[in-house]
Amino acid sequence: MEFSFSDRPCSLEKMKEISHLNTQFGINVTGSDLQAEQIKFKSGAGSLTIVNINNRHAKASLVLQGGHLLSWQPNEEENVIWLSEDAIFSKEHSIRGGIPICWPWFGAHPVNHSFPSHGYARTSDWDVVETKTLSDGSSLIVLQLLQDAVSEEYRARDVELDLRVTVGKRLEMSLITRNAGNKAVTIGQAMHTYFYVSDIQNVILSGLENQVYIDALDRWQRKNETNPIMIKAEVDRIYQDTPEIPVYIIDQAFKRQIKIRKQGSHSTVVWNPWIDKSERLGDMGKNGYKNMICVETGNVADDVVMIEPETEHSLSVCYEIESL
Ligand code: TA6
């Protein structure tokens, strides 16, 4: 699954924005074994700002809007992240696939269901805070949610959100919520990661055995998982109070397993829309459900986190490929 996020025609104002970002945060590295243009900003579809990362270990792409990673492909590997061929790229619209950031709530807002599903972080503007090439040749980019443009009606007050992304042989992401106010805040959150698989009916998800989950498709009943998971129909499960042990997406056809490790997370959500839900969503692409599985790392439902004044919470994931 190759995606080329090439330059698109854009306004003069956008060109200036892109030029400023490349001047301040672009990284061009020359040298025999290093990649030129390690970090480069471009104007993409929907005039969204894309950042392409290309180093000796991997390549990746993110959209600044939503702090949304679209693609991560380690060298010699298939892409690890799935992106719908029908994903919609436009201002303030969620993108189907990649790693949407659900924050400061997950799913429907607990009180006001007219508020955007999965919070507002994934459809809001983010800014670049830092870019860096690390000693092992990985690339770091730090983004910060710009809350000024977020509706006062539901904006989390006196709360800041940073996303640290390290692209290399592994993909490491940390979502850091800082409470700069004088009252405790309760946050629901998740990295809603869409993983690319050879064929959903041929992969096995292991590591959630003997965990209790809420079945969102069966009246939110609590159930117990006893076996490794195989997906043969729509699945929407919230595993609660999960320990920080690795989960594996075992994909024999791709001769790999995707190892998922986490910190600062008590919930793991497993989702595949299958056929009917895909049609209702309308942006899953033709048979898109066959090549994706969401394994989402967060703190949702009973696992939401309370962050005391002047403290911060970090939700982290590390994805890596192991050969089979
Ligand atoms: O993570 C599972 C889920 O909550 C599903 O219920 C489904 O709604 C999915 O997220 C996608 O949500 P979205 O708002 O991105 O269409």
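One-based numbering along the sequence shown. When reading the values below, keep in mind they use all heavy atoms of this one structure, side chains included, and skip hydrogens, waters and symmetry mates. Atoms within a ligand are numbered from 1 in the order they appear, just like the ligands themselves.
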**Q.** For Arg122, atoms of ligand 1 separated by under 4.0 Å from a heavy atom
**A.** 13 (P), 14 (O), 15 (O)
Q.
Suppose I only count heavy atoms of Val269 and a 4.0 Å limit; which atoms of ligand 1 are within that range?
A. 1 (O)
(Q) Quick test: of every protein heavy atom, which one is nearest to atom 1 (O) of ligand 1, and how far off is it to 0.1 Å? (A) Glu296 OE1, 2.7 Å
Q: Look at the aromatic rings of Phe106 and His118 and report parallel, tilted or perpendicular, splitting at 30° and 60°.
A: tilted
Q) Picking from Asn28, Asn55, Val167, what satisfies side chain to side chain contact (heavy atoms under 4.5 Å, CB included) with Gln38? A) Asn55
Q) Non-hydrogen atoms of Gly107 versus ligand 1: any pair closer than 4.0 Å? A) no
Q) So is there a nitrogen or oxygen of Trp271 less than 3.5 Å from a nitrogen or oxygen in ligand 1? A) no
Q. Got an N/O contact under 3.5 Å between His118 and ligand 1?
A. yes
Q: Just need the protein heavy atom nearest to atom 8 (O) of ligand 1, so name the residue and atom and give the distance.
A: Lys277 NZ, 3.8 Å
Q. How far apart are the closest heavy atoms of Ser71 and Asn79, and which atoms are they?
A. OG-ND2, 2.8 Å
Q.
Has Thr177 got a side-chain atom pairing as donor or acceptor with Glu312's backbone, closer than 3.5 angstrom?
A. no
Q | Approximate separation, where rounding is to 0.5 Å, of Trp126 CH2 and Leu146 CG | A | 9.5 Å
Q: Find all atoms of ligand 1 within a distance of less than 4.0 Å from any non-hydrogen atom belonging to Arg96, and give their numbers and elements.
A: 11 (C), 13 (P), 15 (O), 16 (O)
Q: Using distance alone, with no hydrogens and no angle criterion, decide if Thr49 and Glu17 have a side-chain donor and acceptor under 3.5 Å apart.
A: yes
Q | Protein contact of atom 6 (O) of ligand 1 - nearest heavy atom, named by residue and atom, plus distance | A | Asp236 OD2, 2.6 Å
Q. Is there side-chain contact between Val270 and Tyr239, with heavy atoms separated by less than 4.5 Å?
A. yes
